[in-house]
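In listed order, ligands and their atoms are each counted from 1.
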Amino acid sequence: MFQKILIANRGEIALRVQRACRELGIPSVAVHSTADAAAMHVRLADESVCIGPPPARESYLNTVAILSAATITGADAIHPGYGFLSENAEFAEMVEAHGLTFIGPTPAHIRMMGDKIEAKRVMQAHGVPLVPGSTEAIMEFAKAQRLASELGYPVLIKAAAGGGGRGMQVAHDADELEERLTLARAEALAGFGNDAVYLEKYLDRPRHIELQVLADEAGHVVHLGERDCSLQRRHQKLLEEAGSPALTPTERDALGARVTAALASIGYRNAGTLEFLYQDGEFAFIEMNTRLQVEHPVSETITGIDIVREQIRIAAGEALGYGQDDIRFTGHAIECRVNAENPVTFAPSPGRVAAYHPPGGLGVRVDSALYAGSVVTPYYDSLVAKLIVHASTRAEAISRLARAIDEFAVIGIETTLPLFRRIADSADFRAGSYNVHWLERFVAGTA
Ligand code: ADP
């Protein structure tokens with residue numbers, strides 16, 4: 001097992017990883033920018049190192065500063081959390097070149113899945129169905145036009161190196177296609193340094209359903225069930241559930257068997273998530289994330305498995321020690337991503353938290369680095385808390401969610417809690433009848 005783990009992240013996820021380290025008896029090192037000197041992940045750390053000024057590119061993305069911090073503190077492994085360097089294959093290689101362990105998949109797998117076209121090709125070759133579209137880069141308009149008329153409009157243009165819901169363009173007809181293609185390529189180049197794009201049929205009412213997997217070095221692969229992440233705004237998830245209200249246990253088992261077999265045959269290891277669109281009873285793969293996901297707690301909640309602990313154990317070479325049949329799914333879990341934003345306009349709301357009172361009671365978990373007096377700066381992601389509830393049925397989980405939101409007090413900054421309270425009351429949500437387009441309409445008052 002590791003002697004000391006450096007956590008290359010901030011906020012709630014740095015705390016989350018710190019908690020797993022502490023329970024395993026492993027000291028950890030926090031890193032922080034000057035803007036985060038008083039942050040909770042630093043205050044609770046065993047040790048901390050300042051790695052640069054506020055802009056992420058000079059601190060949390062500063063690979064040299066992070067590796068130096070690991071070296072001077074004697075860390076022998078690095079956990080990247082999510083975001084920042086978590087899907088950066090070069091960073092994972094640098095970590096290994098310095099004789100440290102990267103807590104995550106191999107650089108080769110990070111690179112393979114980081115190219116979304118390559119990821120689709122690999123999954124297709126292993127019998128996983130795809131969203132209809134191209135499995136090669138589409139750079140010329142004529143080719144795009146040919147493919148789009150084959151697929152039928154609307155089509156979605158996506159960046160091969162894309163992520164975070166950015167760089168996607170819908171073209172509703174042939175007239176729009178050329179302009180959208182140019183725009184998508186320019187955005188991809190500016191956002192990801194790579195202008196390769198591909199085309200997919202734009203589905204009109206899919207659900208986003210993803211499968212959490214864990215794989216050890218000996219080749220054992222299990223899944224922890226599905227998460228339904230269809231409640232999205234601008235292609236970014238806001239609320240996630242485990243399991244999906246749309247899926248039967250038989251469908252889950254069939255998808256799980258196919259996915260774990262595919263991952264075993266490519267030799268994948270550590271945690272990962274395969275994302276699918278689900279419409280009319282069919283699954284279609286869209287991408288794989290080779291890291292811990294923001295929404296991992298809902299899977300932990302229904303399985304009782306600590307995913308971060310498992311990531312650390314797997315990276316240290318330990319065997320999973322259990323098989324698929326040992327994993328039981330209990331009850332229903334819902335997570336809300338509470339952002340420091342106006343709940344109507346979604347304008348960022350940085351500032352000082354004057355008072356803070358998280359909810360409690362049976363089946364309530366809050367993952368947050370907020371405290372009374374903490375400052376939400378404008379430099380980073382606006383996620384400030386994750387509220388996770390668990391109950392034996394979905395209906396009870398929704399009642400618990402509403403009750404927990406009513407208890408949750410964050411004074412001094414605006415948060416999206418009132419939006420989640422409205423969602424919890426909505427008839428569509430209660431009925432589980434929503435797709436990836438529903439929340440935008442709900443927010444606009446047209447759902
Ligand atoms: P990113 O990596 O940027 O998150 P994804 O490929 O995971 O992009 O897609 C993000 C979201 O965009 C999906 O959850 C879904 O809501 C929407 N989306 C992606 N592909 C399609 C598609 N072919 N049709 C309709 N919606 C899509």
Side-chain angles (χ1 to χ4, degrees), residues 82-83 86-88 110-124 128-135 137-138 144 147-148 150-172 177 180 184-185 187-194 196-212 226-241 244 246 272-280 282-295 335 337 381 383 434-443:
Y82 55 66
S86 60
E87 288 176 297
N88 184 320
I110 297 174
R111 194 166 278 127
M112 174 192 281
M113 299 304 173
D115 176 346
K116 294 170 77 170
I117 300 175
E118 176 67 5
K120 288 182 81 164
R121 275 198 229 116
V122 170
M123 285 301 147
Q124 188 173 44
V128 177
L130 308 181
V131 177
S134 59
T135 47
I138 303 284
L147 185 67
E150 262 171 52
L151 292 170
Y153 288 91
V155 294
L156 188 61
I157 309 160
K158 292 170 123 175
R166 289 173 302 130
M168 276 186 257
Q169 291 287 336
V170 185
H172 293 91
L177 186 64
R180 297 286 161 172
R185 289 185 54 184
E187 273 186 16
L189 188 63
F192 313 107
N194 174 353
V197 297
Y198 61 105
L199 244 59
E200 269 177 11
K201 170 100 187 141
Y202 186 62
L203 302 183
D204 59 346
R205 51 197 158 76
R207 299 180 82 108
H208 174 116
I209 293 182
E210 59 185 34
L211 206 73
Q212 172 72 54
E226 83 284 6
R227 296 185 284 255
D228 195 320
C229 313
S230 303
L231 260 61
Q232 303 178 353
R233 181 176 167 269
R234 300 198 170 157
H235 307 300
Q236 283 180 339
K237 301 161 189 167
L238 289 188
L239 179 150
E240 304 96 356
E241 312 194 49
S244 167
T273 296
L274 286 98
E275 299 192 332
F276 296 85
L277 296 181
Y278 176 78
Q279 185 169 307
D280 301 325
E282 305 279 349
F283 282 101
F285 173 79
I286 47 173
E287 68 161 339
M288 176 166 186
N289 292 319
T290 53
R291 57 169 161 82
L292 186 66
Q293 305 263 112
V294 177
E295 60 274 22
E335 174 185 280
R337 297 190 187 192
D381 193 88
L383 178 79
Y434 56 77
N435 59 50
V436 299
H437 306 303
W438 180 82
L439 186 63
E440 299 266 6
R441 290 199 297 266
F442 180 74
V443 167

Using heavy atoms and a cut-off under 4.0 Å, could you grab the residues that are in contact with ligand 1, chain by chain, numbers ascending?
-> Lys116, Val131, Leu156, Lys158, Gly163, Gly164, Gly165, Arg166, Met168, Glu200, Lys201, Tyr202, Leu203, His208, Gln232, His235, Glu275, Leu277, Ile286, Glu287, Val436

First locate atom CD of Glu335, then atom CG of Leu239, and finally report the distance between them rounded to the nearest 0.5 Å.
-> 8.0 Å

Is there a salt bridge (Lys or Arg N to Asp or Glu O under 4.0 Å) between Lys237 and Glu275 once you walk through the steps?
-> CA-CA 12 Å; Lys237 301 161 189 167; Glu275 299 192 332; 2.7 Å; yes

Any salt bridge between Arg291 and Glu87, counting N to O under 4.0 Å?
-> yes

Closest non-hydrogen atom pair between Glu200 and Leu151, with its separation | C-CD1, 4.1 Å

For the pair Phe276 and Phe283, name the ring-plane relationship: parallel under 30°, tilted 30 to 60°, perpendicular over 60°.
-> perpendicular

Once the angle between the rings of Trp438 and Phe442 is folded into 0 to 90°, is it parallel (under 30°), tilted (30 to 60°) or perpendicular (over 60°)?
-> parallel

